[in-house]
Undergrad: 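If you scroll down you'll find the structure; I have some questions about it.
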Amino acid sequence: MFKSALPHIQMLFFTFIIAMTFPVGKQLMLEVPPMIATWLRYIIAALLFVVILAFNRRLNLPTGKSLIRYTLVCLPSLAYFAAMFSALTQTSAFSTSALYTAVPLMTALLVVLIHRKIGKLIHWIALVVGFSASLFLVMQQSGNNLDFEWNNGYSLFMLGCIGMAANPLIIKACYRQENFMVFTGWSLIAASIILSICLAPQIIEFNWLQVSSNAWYACLYLAIFATAISFFLFQKASVNIAPQQVSAYVFLIPVFVLITGGNEVDVNWLYTFIALLLLSAAMYLLMRKQ
């Protein structure tokens, strides 16, 4: 029984780790510019994988063609994190976490456009209901009326979500059955090289002495937990449970942010309760055996 439940436990931990990237990222934006934060996240994660690959004697230079594949793989997530950090300077952690639930729906739409696979109607209903409920969470305020103003931060974040939605499709197209640690490690290295070249003037000019210890802890969390550990949990779980069940856990992300946010998340609990009921219904539709 525990063996069958283990993948779901792993997905719960994965979802919690991803949920915490929003408030942690929001705090980091108070001290570090978005693109510098993106560079830090990737450079620390890449160095971590270099150590892991070297320890396992897998740190070998890839061929030119392989390096191109790794570069293509890194671009969607790179675009997402740059958009996320930039958006967090204009939006709340709770709102952006709720909008992230659009990713499974976007991925499903991309599959239709690219592979002409429509899938099951019940899954589409669940994805639409889940995202609609999360959007409702974003729109509601602590007042009696729904009073919400869409700003450029939300638009930027949604563009980033398109990149994250395309990520599994690009990974599938570029993966050549090599060791997944190698595949992920060199994708992170490629992203770090791109960012280092593009941001060299900003990296040199930035006043690193002003960065507090809390900001460095945030960087380490994003690089280690939101990259290495979440990668391990996701890979272990996703091979043992259905894709729609993996999607279902995404709807828990704003719930975790809501629970851990305390007084910093100001919501109307009546609207929130309705939204949580809809999220529960969407998760049930995706989780149940077909």
Side-chain angles (χ1 to χ4, degrees), residues 8 11-12 14-16 18-19 22 76-77 79-80 83-84 87 91-141 145-151 153-170 172 234 237-238 241-259 265 267-290:
H8 295 280
M11 278 304 301
L12 277 173
F14 166 80
T15 305
F16 182 79
I18 296 301
F22 293 96
S77 58
Y80 166 75
M84 171 189 159
T91 64
S92 70
F94 179 59
S95 295
T96 47
S97 71
L99 289 176
Y100 184 80
T101 59
V103 170
L105 179 59
M106 289 178 175
T107 300
L109 290 171
L110 288 174
V111 169
V112 173
L113 290 174
I114 297 172
H115 298 297
R116 300 293 191 269
K117 293 181 180 179
I118 297 177
K120 295 182 178 180
L121 177 60
I122 194 67
H123 294 162
W124 283 100
I125 293 173
L127 291 174
V128 171
V129 169
F131 176 59
S132 299
S134 294
L135 192 60
F136 193 58
L137 281 174
V138 178
M139 292 176 64
Q140 56 81 37
Q141 301 292 315
N145 299 315
L146 293 177
D147 183 19
F148 174 74
E149 183 178 349
W150 188 275
N151 61 36
Y154 293 117
S155 299
L156 180 62
F157 183 71
M158 292 305 288
L159 289 174
C161 285
I162 294 174
M164 188 56 76
N167 199 40
L169 302 179
I170 293 176
K172 186 175 181 179
F234 182 80
S238 61
I241 60 178
Q244 66 270 17
Q245 292 178 322
V246 174
S247 298
Y249 281 98
V250 172
F251 297 134
L252 287 177
I253 288 176
V255 178
F256 282 136
V257 176
L258 179 64
I259 292 171
V265 181
V267 297
N268 181 303
W269 286 103
L270 174 61
Y271 296 144
T272 301
F273 179 72
I274 295 171
L276 292 178
L277 285 178
L278 292 173
L279 283 174
S280 299
M283 287 194 68
Y284 169 75
L285 291 175
L286 290 170
M287 284 288 193
R288 69 174 188 168
K289 293 182 178 179
Q290 302 299 315

Undergrad: Quick one: side chain to side chain contact (heavy atoms under 4.5 Å, CB included) partners of Ile125, sequence neighbours excluded?
TA: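 Ile125 satisfies side chain to side chain contact (heavy atoms under 4.5 Å, CB included) with Leu121, Val129, Leu285 only.
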Undergrad: Would you give me the side-chain donor-acceptor pairs under 3.5 Å for residues 246-256, sequence neighbours excluded?
TA:
| residue | atom | partner | partner atom | Å |
| --- | --- | --- | --- | --- |
| Ser247 | OG | Pro243 | O | 3.3 |
| Tyr249 | OH | His8 | ND1 | 2.7 |

Undergrad: For Lys172, give me all partners under side chain to side chain contact (heavy atoms under 4.5 Å, CB included), at least two apart in sequence or on another chain.
TA: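 Testing Lys172 for side chain to side chain contact (heavy atoms under 4.5 Å, CB included), a comparison that skips the adjacent residues, returns none.
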Undergrad: Report the residues that fulfil side chain to side chain contact (heavy atoms under 4.5 Å, CB included) with Ala83, sequence neighbours left out, ordered by chain and then residue number.
TA: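 Result, side chain to side chain contact (heavy atoms under 4.5 Å, CB included) vs Ala83: Leu156.
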Undergrad: Leu105 and Leu127: which non-hydrogen atoms are nearest, and at how many Å?
TA: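 Minimum heavy-atom contact is CD1-CB, 4.0 Å.
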Undergrad: Suppose we screen for side chain to side chain contact (heavy atoms under 4.5 Å, CB included). Which residues come up paired with Ala102, at least two apart in sequence or across chains?
TA: Met106, Phe131, Met158
Undergrad: In terms of heavy-atom contacts, does CD1 of Ile114 have more than 12 from other residues, nucleotides or ligands at under 6.0 Å?
TA: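 More than 12 heavy atoms, drawn from other residues, nucleotides or ligands, come within 6.0 Å of this atom.
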Undergrad: Can you list every pair that meets side chain to side chain donor-acceptor pair (under 3.5 Å) and has a residue in residues 126-139, with sequence neighbours left out?
TA: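 Every side chain to side chain donor-acceptor pair (under 3.5 Å) pair that includes a residue of residues 126-139, provided the two are not neighbours, is Thr101-Ser134.
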Undergrad: Go through the structure and list residues passing side-chain hydrogen bond (donor to acceptor under 3.5 Å, both in side chains) with Thr15, not counting sequence neighbours.
TA: none
Undergrad: How long is the gap from CG on Leu276 to CZ on Phe273, to the nearest 0.5 Å?
TA: 8.0 Å
Undergrad: Taking ring-ring contact (aromatic ring centres under 6.0 Å, His included) as the definition, give me every residue that meets it alongside Tyr80, ordered by chain and number, with sequence neighbours left out.
TA: Tyr100, Phe157
Undergrad: Mind listing the closest non-hydrogen atom pair of Pro168 and Thr107 along with its distance?
TA: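 Smallest interatomic distance, heavy atoms only, reads CG-CG2, 4.1 Å.
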Undergrad: Go through the structure and list residues passing side-chain hydrogen bond (donor to acceptor under 3.5 Å, both in side chains) with Ser92, not counting sequence neighbours.
TA: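 In terms of side-chain hydrogen bond (donor to acceptor under 3.5 Å, both in side chains), with neighbours along the sequence ignored, Ser92 is linked to Ser95.
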